[in-house]
Amino acid sequence: MLMHIVMFTFKHPWNWSSLEAIDAERATRAHPHHIDEIKGWSCGRNTTKRDIAADFIVIGLFNNRSELDAYIIHPDHQKGAGKWKFIADWKVVDIELPSDFTLNTGLLSVLNDLHNAALNNH
C-alpha cells in the first residue's frame with residue numbers, strides 16, 4: 001500500500017478568499033467520488049500561521065504503484081491538478097505502508113495493518 005502526500009502552498013496573490021482556491025479545494029475533495037483507485041482520502045486546510053507552513057494537504061491511500069499511477073493520469077485528477085497548478089506550488093511524498101523505512105506508532109499504528117486489510121478485502 002502507498003500513502004500519497006501532497007502539500008500545496010499558494011502563489012502570490014492567491015489565498016483562501018480567492019474563488020480559484022475554493023474551486024481547486026472543491027475539485028480535490030471530490031476525487032474519491034470519481035477515481036476508483038483511491039482506497040482512502042484525507043484533505044484539508046492548514047490551521048497554523050507559521051512561515052514554513054503549507055496551505056493545503058492531501059493524503060491518499062492506494063493499493064500499489066500501478067493504482068497510484070492510474071490515479072495520476074485519471075482525467076478527474078488531471079482537472080484538479082490543473083486548478084492547483086495555476087494558484088499554488090506543491091511537494092509530493094509517496095511512502096510504503098508497511099515498510100522497513102516507514103514508522104507508524106501511537107494512534108497511527110493502525111496504518112501498519114492497512115496492507116493486510118486491503119489484501120483481505122480482495
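Count residues from 1 along the sequence.
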First locate atom [atom1] of [X], then atom [atom2] of [Y], and finally report the distance between them rounded to the nearest 0.5 Å.
X	Y	atom1	atom2	answer
Ile5	Cys43	CD1	SG	13.5 Å
His74	Asp69	NE2	CG	14.0 Å
His4	Lys39	NE2	NZ	15.0 Å
Glu67	Ile35	CD	CD1	12.0 Å

Cut-off 3.5 Å, no hydrogens considered: what does the side-chain donor-acceptor table look like for residues 75-82, sequence neighbours left out?
| from | atom 1 | to | atom 2 | distance (Å) |
| --- | --- | --- | --- | --- |
| Asp76 | OD2 | His31 | ND1 | 2.6 |
| His77 | ND1 | Ile72 | O | 2.9 |
| His77 | NE2 | Tyr71 | OH | 3.4 |
| Gln78 | NE2 | Ile72 | O | 2.5 |

For residues [X] and [Y]: do they belong to one hydrophobic cluster (side chain heavy atoms under 4.5 Å, members Ile, Leu, Val, Met, Phe, Trp, Tyr)?
X	Y	value
Val93	Ile59	yes
Trp41	Met1	no
Leu108	Met7	yes
Leu68	Met3	no
Ile57	Ile22	no

Self-check item: Derivation and outcome, side-chain contact (heavy atoms from CB on, under 4.5 Å), residues Val58 and Phe8
Solution: CA-CA 8 Å; Val58 169; Phe8 297 86; 3.8 Å; yes

Quiz item: Step by step, would you call Phe10 with Phe56 a side-chain contact (heavy atoms from CB on, under 4.5 Å)?
Solution: CA-CA 9 Å; Phe10 289 126; Phe56 189 73; 5.8 Å; no

Closest contact, heavy atoms only, [X] versus [Y]:
X	Y	answer
Ile87	Ala24	CD1-CB, 4.0 Å
Leu97	Leu61	CD1-CD2, 3.9 Å
Thr48	Ala53	CG2-CB, 3.7 Å

Quiz item: Distance-only, no hydrogens or angles: does the Asn46 side chain make a donor-acceptor pair with backbone N or O of Ala54 under 3.5 Å?
Solution: yes

Self-check item: Whether Thr102 side chain and Ser99 backbone form a donor-acceptor pair below 3.5 Å
Solution: no

Exercise. Among Val6, Asp55, Thr9, find the one that has a side chain to side chain contact (heavy atoms under 4.5 Å, CB included) with Trp90.
Key: Val6

Exercise. Take Thr28 and Trp84, measure what side-chain contact (heavy atoms from CB on, under 4.5 Å) needs, and give me the verdict at the end.
Key: CA-CA 9 Å; Thr28 301; Trp84 282 108; 2.7 Å; yes

Quiz item: CZ of Arg29: more than 12 outside heavy atoms within 6.0 angstrom?
Solution: no

Quiz item: Is the number of heavy atoms from other residues, nucleotides or ligands within 6.0 Å of NZ (Lys11) greater than 12?
Solution: yes

Exercise. Evaluate the criterion salt bridge (charged side-chain N to carboxylate O under 4.0 Å, His left out) for residue pair Glu25 and Lys83; output intermediate values, then yes/no.
Key: CA-CA 9 Å; Glu25 178 186 35; Lys83 293 174 185 287; over 6 Å; no

Quiz item: Do Ser66 and Asn64 get their side chains close enough for a donor-acceptor pair, meaning under 3.5 Å?
Solution: yes

Quiz item: Does the side-chain contact (heavy atoms from CB on, under 4.5 Å) test come out yes or no for Glu20 and Trp14, once each step is laid out?
Solution: CA-CA 8 Å; Glu20 295 90 347; Trp14 288 279; 3.5 Å; yes

